[in-house]
2 protein chains.
Amino acid sequence: MLHEGDNLQILSKLPTGSVDLIYLDPPFFSQRTHRLSSKGAKQKFEFEDTWESIGAYISFLELRLIEMRRVLKDTGSIFLHCDKAASHHIRVLLDKVFGIENFQSEIIWSYKRWSNSKKGLLNNHQNIYFYSKSSDFKFIPTFEAYSATTNIDQIFQKRERNADGKAAYKQSASGDPELMKEKKGVPLSDVWSIPFLNPKAKERTGYPTQKPILLLERIIELTTEPGDMVLDPFCGSGTTLIAAKLLGRSYLGIDKSSDAITLTQARLDAPVKTRSALMEKGVNSYRSKSGLERSRMEMLDIQPVERNKGIDGFAKVGGQIRPIPVLFQKANESLPTAVGKIVRASAKNKFRMGVVIGTENSDVEIREYDSLTIATCGVSDYAEAVKSLDSLLKAIPKDLQSDVEIIAKEPKCDVTLF
Amino acid sequence: MLHEGDNLQILSKLPTGSVDLIYLDPPFFSQRTHRLSSKGAKQKFEFEDTWESIGAYISFLELRLIEMRRVLKDTGSIFLHCDKAASHHIRVLLDKVFGIENFQSEIIWSYKRWSNSKKGLLNNHQNIYFYSKSSDFKFIPTFEAYSATTNIDQIFQKRERNADGKAAYKQSASGDPELMKEKKGVPLSDVWSIPFLNPKAKERTGYPTQKPILLLERIIELTTEPGDMVLDPFCGSGTTLIAAKLLGRSYLGIDKSSDAITLTQARLDAPVKTRSALMEKGVNSYRSKSGLERSRMEMLDIQPVERNKGIDGFAKVGGQIRPIPVLFQKANESLPTAVGKIVRASAKNKFRMGVVIGTENSDVEIREYDSLTIATCGVSDYAEAVKSLDSLLKAIPKDLQSDVEIIAKEPKCDVTLF
DNA sequence: AGGGAGCCTGAATCCTCAA
DNA sequence: GTTGAGGATTCAGGCTCCC
């Protein structure tokens, strides 16, 4: 169900204790008007986020949060999405309205985003405050995969405390370890790495500050079951309601803008969810390189590239990444094959030179392929790699020297990495 | 230099405008006493973190923050480390003392830690507030590697706006792309993934709430240059000062506990920094499997194992990880070799059955190796894998059936992964 | 009901032993 | 002797249980 109007009016008419989950994404107190002007779009959406003072902003929220608390069931939860602009004032308010004892989590939504370098750190997260109405809130335990450092094969073994009070693996009379029947994984963390909605994503509606469906799905699945009622009093483009619908929950959306309500209705009628590989499989699925390859590149100070068959990385000079592609010969391919790959991959980009590192030790060789200068060398261990890379660079023709004053670096730590 | 005593007294004697960076890690308002009860330790450190009220806690901090602001240079910065217990009240206070306009970042220190199943989400982050004394603060630009999804080979190309105002890759007269000479990487984010100090780390001193040196090094390198003065008014085990010393900065530490001062002095005399693989190389260095292997396991719903030569992962049933090891036959090994590996790896742990997935398509076969039942099947593509795994499980002996009702899953996305 | 003791867990290290 | 696979160990948070 959708309502157009001031959410305070509409909330006050809703029955007490009728909602299982409230997610709200109010204006963040950014003190500016948000609009998205995608050239192709038929429609231009915008909303105001300018306030007289932080006090005015907080009073605005307070009136509404009091009503939200009222309409929430005793087992219900509320998720308030905000950012650094007012997160501290909002949490003080939430403590007041819902009670400190009902604070459950500060969820950090972290993402990578296109950057325009500024003085200081890039803002790559937003905050979501999770409060329950009571200690008896509904919560569906959710688990993640174990960390790569966890000894999963070990922790199947049951443990006990021995005479000294030390923990040790439990053993049956015969000396065999006793195993657990199953393991669940690790409880979900409060730091969520979910990609920011890419400017190119099909899911985008043109509405500013639109949130990814995946984020809302996670919130809904954590605290509700199918059929439960989900309320979004600042529904905007309607992402919360789309997610609720896709998961078989009932939903109620409020927004004061008729454009927003129209858009939401249209999205509900025909939901589009980006099947982005990044969203569904995570950034790790992009990592095509093994730990060995990655640590080898780290030691040679090479910036890895994950999406190109003919380029494993780019050489760095003094911390700067240079347009000099590097390729490692693979175990099942010949050196000429590897060279062919890097030449093909470099052609479009007009890189002037590249490096191929072979699997067998060999002297440095420099050859021209069309307009590309390729150096090949072989490594079997780190010292050799550095030495080869060094002599490789010394052997480079004079006119290319200025481009490639690579200094072979000391390894970053004493530990042998491969 | 180290001072024992109440930092308010000692701060008030420090000259105005004499410090470049202040990092403080005050008690978090946890309302409990922190102690580390390591059995073997000679010494037991503890500190009180119980307060009459949040008001008392904030006043305590306010008096001290006012002095800290005074001793800071105009180009100086302060980093206040806290957690969800009082972060909102602390930020309100910082706004008051340093000015809203001098807020720079909310840094999220995120980490994985030994878990503690609870209702709700695991607390896996702490907050660090970064304020400057003025807009003219010292800041050393710092860069990270590009994300795995970035088209690095593309971003070397210069861009321009064409007639329609759209951005496009710049081309020379001959139609070739023009390349940038170098790229720096991505500016550092405000979400920092740095490992938590593990219970087994040599770097541990026995002092509770000890922070990793790596975290402090990053803060110091961001806002100071060699020779600059770093102040930690709640220095505890002295991590800030160790990091400052290692980076050639001057340092000043204050703590009211003489145990803490003694410990800090001892650490300064002989700094121990864990050369931990995780800290220095990141979690990805633990991933021994290629993207192909990992995505294959994801599709078959297998939990990967990274530390065992004879086990690639464990089978899941209904989302639960079961003690059923799975091994993929490698390209350069025979099926019997693979079976030998999984049998050896499983022997000590007394797993009852395992699965070997071969490289060639073949029917499912079940054989006994000592007390271990091994099922082998072959796959060459996804559809075949699902079919094989399915028939494999149907072929499993009756008495093991209850252990392995694996249902072959639908692929999670349309993209063909192998 | 309230407080304290003890249990369970898994991340990440240390450390042993076999190749 | 060297390496590295994998077995052993630590410990704080949050739970339960007991007094």
Side-chain angles (χ1 to χ4, degrees), chain A residues 104-105 135 139 141 143-162 164-171 177 180 182-187 189-190 291-292 381 415-418, chain B residues 28 30-41 44-46 49-50 83-85 110-124 126 193-210 212 214 272-283 285-286 288 303 305-311 321 325 341 344-350:
Chain A
Q104 298 301 338
S105 287
S135 63
F139 189 84
F143 300 89
E144 295 183 285
Y146 288 97
S147 154
T149 60
T150 299
N151 308 348
I152 301 168
D153 52 324
Q154 265 192 38
I155 61 172
F156 267 114
Q157 299 177 36
K158 288 185 182 161
R159 282 176 285 184
E160 62 187 350
R161 290 199 179 266
N162 62 21
D164 321 337
K166 278 190 181 178
Y169 291 113
K170 205 169 177 176
Q171 295 190 335
M180 311 250 188
E182 55 193 25
K183 305 287 290 184
K184 292 191 175 71
V186 185
S189 156
D190 57 1
L292 172 69
D381 61 79
V415 184
T416 304
L417 292 173
F418 62 103
Chain B
F28 286 1
S30 61
Q31 298 292 33
R32 61 187 201 83
T33 303
H34 289 260
R35 60 171 68 87
L36 212 60
S37 53
S38 50
K39 281 117 200 163
K44 211 184 244 178
F45 299 97
E46 63 174 62
D49 182 18
T50 50
D83 81 352
K84 60 190 169 53
S110 98
Y111 44 80
K112 294 253 171 195
R113 209 167 40 157
W114 53 93
S115 90
N116 39 358
S117 69
K118 62 169 252 188
K119 186 178 179 183
L121 303 166
L122 240 38
N123 302 133
N124 277 351
Q126 292 177 7
S193 194
I194 293 180
F196 197 87
L197 210 51
N198 192 76
K200 289 295 275 183
K202 279 223 185 81
E203 195 176 308
R204 270 204 186 246
T205 59
Y207 196 90
T209 73
Q210 186 184 339
L214 203 66
V272 173
K273 186 178 164 190
T274 302
R275 304 198 73 82
S276 119
L278 178 59
M279 285 207 190
E280 304 205 351
K281 299 188 289 156
V283 75
S285 68
Y286 279 78
S288 54
Q303 157 79 47
V305 168
E306 304 285 355
R307 64 188 296 281
N308 199 308
K309 276 253 141 113
I311 302 175
I321 305 155
K341 277 160 83 176
R344 225 172 302 121
S346 302
K348 289 165 295 219
N349 288 300
K350 296 288 163 187

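So that the names make sense, note that chain A is the first sequence line, chain B the second, and so on, each numbered from 1.
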Can you tell me the distance, in whole Å, between the CH2 atom of B:W114 and the P atom of D:dT10? 14 Å

Between A:E160 and B:K112, the residue closer to the 5' end of DNA chain C by nearest nucleotide is A:E160

Quick one, which residues of residues 143-151 of chain A touch DNA chain C with a heavy atom under 4.0 Å? A:Y146, A:S147, A:T149, A:T150, A:N151

Using the test side chain to side chain contact (heavy atoms under 4.5 Å, CB included), find all partners of B:D49 that sit at least two apart in sequence or belong to another chain. B:P27, B:F28, B:S30, B:H34, B:F47, B:W51

Can you list the residues that meet the side chain to side chain contact (heavy atoms under 4.5 Å, CB included) rule with B:K309, with sequence neighbours excluded? none

From the candidates C:dT9, D:dA5, D:dG7, the one with an atom nearest any side-chain atom of A:Q154 is D:dG7

Name the orientation class of the two ring planes belonging to B:F196 and B:W114 (parallel below 30°, tilted from 30 to 60°, perpendicular beyond 60°). perpendicular

Among C:dT9, D:dG13, C:dG10, the one nearest any side-chain atom of A:K183 is C:dG10

Quick one: salt bridge (Lys or Arg N to Asp or Glu O under 4.0 Å) pairs with a partner in residues 144-155 of chain A, sequence neighbours left out? A:D153-B:R307

What pairs with B:S193 under side chain to side chain contact (heavy atoms under 4.5 Å, CB included), at least two apart in sequence or on another chain? B:S110

Within the distance-only criterion (no hydrogens, no angle test), does the side chain of B:K341 pair as donor or acceptor with the backbone N or O of B:R344 below 3.5 angstrom? no

Out of C:dT9, C:dA12, D:dG14, whichever nucleotide has its closest atom nearest the side chain of A:R159: C:dT9

What residues form a salt bridge (charged side-chain N to carboxylate O under 4.0 Å, His left out) with A:K183, not counting sequence neighbours? none

Nearest to the side chain of B:R113 - D:dT10, D:dG13, C:dA11? D:dG13

By side chain to side chain donor-acceptor pair (under 3.5 Å), which residues pair with A:E182, not counting sequence neighbours? none

Considering only D:dG7, C:dT9, D:dT10, which nucleotide approaches the side chain of B:S115 most closely? C:dT9

Return the stems involving DNA chain D, sorted by first number, where pairs are Watson-Crick (N1-N3 with N6-O4 or O6-N4) or G-U wobble (N1-O2 and O6-N3), both under 3.5 Å, and runs are 3 or more long. C:2-19 with D:2-19

Find which nucleotide of DNA chain D each of B:A345 and B:N198 is nearest to by heavy atoms, and output the residue with the more 5' nucleotide. B:A345

Selected nucleotide, minimal atom distance to A:Y169 side chain, candidates C:dC14, D:dT9, D:dG6: D:dT9

Could you tell me which residues satisfy side chain to side chain donor-acceptor pair (under 3.5 Å) with A:Q154, sequence neighbours excluded, listed by chain and number? A:Y169

In whole Å, what is the span from the CG atom of B:N124 to the C1' atom of D:dG13? 11 Å

